> 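Following this message is one structure expressed as structure tokens.
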Number of protein chains: 2
Amino acid sequence: MSSIEVVSPTIEEYLEAIYRLEKKKGSAKTGDLAKELNVALGTITNTIESMEKQNFITHKPYKGVNLTKKGRKIALDVVRRHRLSERLLTDVLHIDWSKTHDAACKLEHAIADKDIIKPLEKVLGKPKTCPHGNPIPSESGKVIEEKSELLANLGLGKEGIIVKVTDERPDMLQYLATLGLVPGANVQIEEKAPFNGPIIVKVMGASYALGRNVASVIWVKKNE
Amino acid sequence: MSSIEVVSPTIEEYLEAIYRLEKKKGSAKTGDLAKELNVALGTITNTIESMEKQNFITHKPYKGVNLTKKGRKIALDVVRRHRLSERLLTDVLHIDWSKTHDAACKLEHAIADKDIIKPLEKVLGKPKTCPHGNPIPSESGKVIEEKSELLANLGLGKEGIIVKVTDERPDMLQYLATLGLVPGANVQIEEKAPFNGPIIVKVMGASYALGRNVASVIWVKKNE
DNA sequence: AATATATATACGATGAATCGTACTTTTATT
DNA sequence: AATAAAAGTACGATTCATCGTATATATATT
Ligand SMILES: [Mn+2]
Ligand SMILES: [Mn+2]
Ligand SMILES: [Mn+2]
Ligand SMILES: [Mn+2]
């Protein structure tokens, strides 16, 4: 029986953060983790040392840490619980998608039990993604990532469907929602200002100028 | 603004356990708490000393602890979250009532935020009780306790409606459910054996012999 | 190549929560 | 009232997660 190892909520948070950073930048640097987890640098050094001893991660000083197979397995389970929690919050409790991330980040540790997570997944209708479009790992840790590209990289005149949003700060999500920039929405590039200037996009008939920072958290699937 | 004080999950658990024991026995003894919380006696002594310093409880050695006003306020909020969690588990996730208590005891700490608990309460339809019939404290800490008496104390031939069940051990709840002894069910006393012997009750047409231990966790509202 | 800047580590210290054993006090029994 | 049993407390120790300051190393800039 290869059931998933039980670790403290703290270690789960570390694994979750490492997973995200690894996905985004290839590895998780001490400093990034300190910011992400809101703790002092020395704390990170301590904890990753202990996590390395437990074979959850490998660490190359000044290069960052990476998940081992063992660590990734747990991380994926945390991410799974996180994203199912988000779905519960939006789909069942009707909470705004801008508020779900922080709440889910606590909830995820309280629903580790299979007797809870399985019924939850079922009631939600086995959703494939979180409300922000990120894939929900399967029970066995499989992640089906829909192919997509950054809105910021889409060519002039091209259009596509928003697949996911990879910045879950409440203010960012609120802003995106007011423009209708949510997963499933159709967007077209109308203009791209030079020198990394704004991008004008058309959504639901309306046009908006987006900064590159914003256009770089939105992933779309190009229409053929 | 008298918003509720934030304490650690551990202290919340202590307050919750003290609330229950106080309700059941008038006060919470060190030993009872050790059993309830599954920690060593010395740990209880330590923690209640610290809790007394923070004015959450008063403590008379060998007599037990009691909640202060301040402590009770927090305890009621924890109990509120616990019972709303149980409702979520049974009503939304369709989890059996015998499994909800333990799961809720973790969940309750992850849904302290007003932005979560209010929508949850609303979605559940502002339930008055947990699945076991115990009242859900209001946001302001009001508890509306329906008048009821122990099934074990009901006279021969009398009948009533089950109001609540005050033992939430999984095996007890499973047993009660198989007999149909759940809140709302009508029961009648058919026989009471002497010397604290079994009680024969009629439920839904069937008759069952219940030990006094069982009849002493079931509370009923006598018909007329 | 030398220096400056960013990044990471070492180290000593703290607080919360826990344990187990030894000791003390209260309550029950004779 | 003396003694036994039960209940509670004291105390020293451990582990986890954290902090902040001082020090070290690597990378970027000149
Ligand atoms: Mn989290
Ligand atoms: Mn999400
Ligand atoms: Mn609890
Ligand atoms: Mn209950």
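Note that the coordinates shown come from a computational prediction; the quantities given were computed from them, not determined experimentally. Proteins come first, then strands; the chains are lettered A, B, ... in the order of their sequence lines, and each starts at number 1.
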> Is it the case that Gln54(A) and Ser50(A) place a side-chain donor and acceptor less than 3.5 Å from each other?
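Note: Gln54(A) and Ser50(A) side chains meet the donor-acceptor criterion.
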> Given atom CE of Met51(A) and atom P of dA17(D), what is their separation to the nearest angstrom?
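Roughly 10 Å, once rounded to whole Å.
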> Does the side chain of Lys60(B) get closer than 4.0 angstrom to OP1 or OP2 of dG8(D) through an N or O atom?
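Negative; the distance criterion is not met.
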> Take atom CG of Leu33(A) and atom C1' of dT7(C), then tell me their distance rounded to the nearest Å.
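Between C1' of dT7(C) and CG of Leu33(A): 13 Å.
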> Can you name the atoms? Protein N/O to nucleotides 18-20 of chain D N/O, anything below 3.5 Å, with the distance.
residue: dT18(D); atom: OP2; partner: Tyr14(A); partner atom: OH; Å: 3.3
residue: dT18(D); atom: O4; partner: Asn46(A); partner atom: ND2; Å: 3.0
residue: dC19(D); atom: OP2; partner: Ala40(A); partner atom: N; Å: 2.6
residue: dC19(D); atom: OP2; partner: Thr43(A); partner atom: OG1; Å: 2.6

> Assess, by modelled atom type and distance only, whether the side chains of His101(B) and His132(B) contain a donor and an acceptor separated by less than 3.5 Å.
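Side chains of His101(B) and His132(B): no pair found under 3.5 Å.
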> Does OP1 or OP2 of dT27(C) have a side-chain N or O of Lys63(B) closer than 4.0 Å?
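For dT27(C), OP1/OP2 do have a side-chain N/O of Lys63(B) under 4.0 Å.
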> Considering just the side-chain nitrogens and oxygens of His59(A), establish if one lies under 4.0 Å of OP1 or OP2 belonging to dT9(C).
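Yes, within the criterion.
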> Could you please name the option among dA17(D), dA10(C), dT9(D) that lies closest to any side-chain atom of Pro61(B)?
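Nearest to the side-chain atoms of Pro61(B), counting from C-beta on, is dT9(D).
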> Which whole-number value in Å describes the distance from Glu12(B) CD to dA16(C) C1'?
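So the two atoms are 15 Å apart, to the nearest Å.
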> Take the protein atom OH of Tyr62(A) and the nucleotide atom P of dT7(C), then report the distance between them rounded to whole Å.
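In whole Å, dT7(C) P and Tyr62(A) OH are 11 Å from each other.
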> Determine whether more than 12 heavy atoms belonging to other residues, nucleotides or ligands lie under 6.0 Å from atom CD of Glu191(A).
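Atom CD in Glu191(A) is not crowded, with 12 or fewer foreign heavy atoms closer than 6.0 Å.
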> Please determine whether a side-chain nitrogen or oxygen atom of Ser50(A) lies at a distance below 4.0 Å from atom OP1 or OP2 of dC16(D).
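Indeed not, no polar side-chain atom of Ser50(A) lies that close.
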> Using whole Å, report how far NZ of Lys35(A) lies from P of dT7(C).
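To the nearest whole Å, that distance equals 7 Å.
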> Give the rounded distance in Å between these two atoms: CD1 of Ile11(B) and P of dG15(C).
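My rounded result for the distance is 16 Å.
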> Which pair of heavy atoms, one from Cys105(B) and one from Glu16(B), lies closest together, and at what distance?
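So the two residues come closest at SG-OE1, 3.7 Å.
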> Is it true that Glu12(B) and Ser8(B) share a donor-acceptor pair across their side chains at a distance under 3.5 Å?
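Checked: Ser8(B)/Glu12(B) side chains show no N/O donor-acceptor pair below 3.5 Å.
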> Measure the distance from CG on Asp32(A) to P on dA6(C) and round it to the nearest whole Å.
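After rounding, the reported distance stands at 15 Å.
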> Looking only at heavy atoms, which two atoms of Arg87(B) and Thr129(B) are closest? And how far apart?
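Smallest heavy-atom distance, with atoms named: NE-O, 2.8 Å.
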> Do you see a donor-acceptor pair shorter than 3.5 Å between the side chains of Glu13(A) and His109(A)?
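Side chains of Glu13(A) and His109(A): pair found under 3.5 Å.
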> How is Thr45(A) classified with respect to the nucleic acid when contacts are heavy atoms under 4.0 Å: base, sugar-phosphate, or nothing?
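Touches a base.
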> Taking only N and O in the side chain of Ser8(A), is any of them less than 4.0 Å away from OP1 or OP2 of dC16(D)?
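So the side chain of Ser8(A) is outside the cut-off, no N or O lying under 4.0 Å from OP1 or OP2 of dC16(D).
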> What is the distance, to the nearest angstrom, from the NE2 atom on His109(A) to the C1' atom on dA17(D)?
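Spelled out: NE2 on His109(A) to C1' on dA17(D) is 14 Å.
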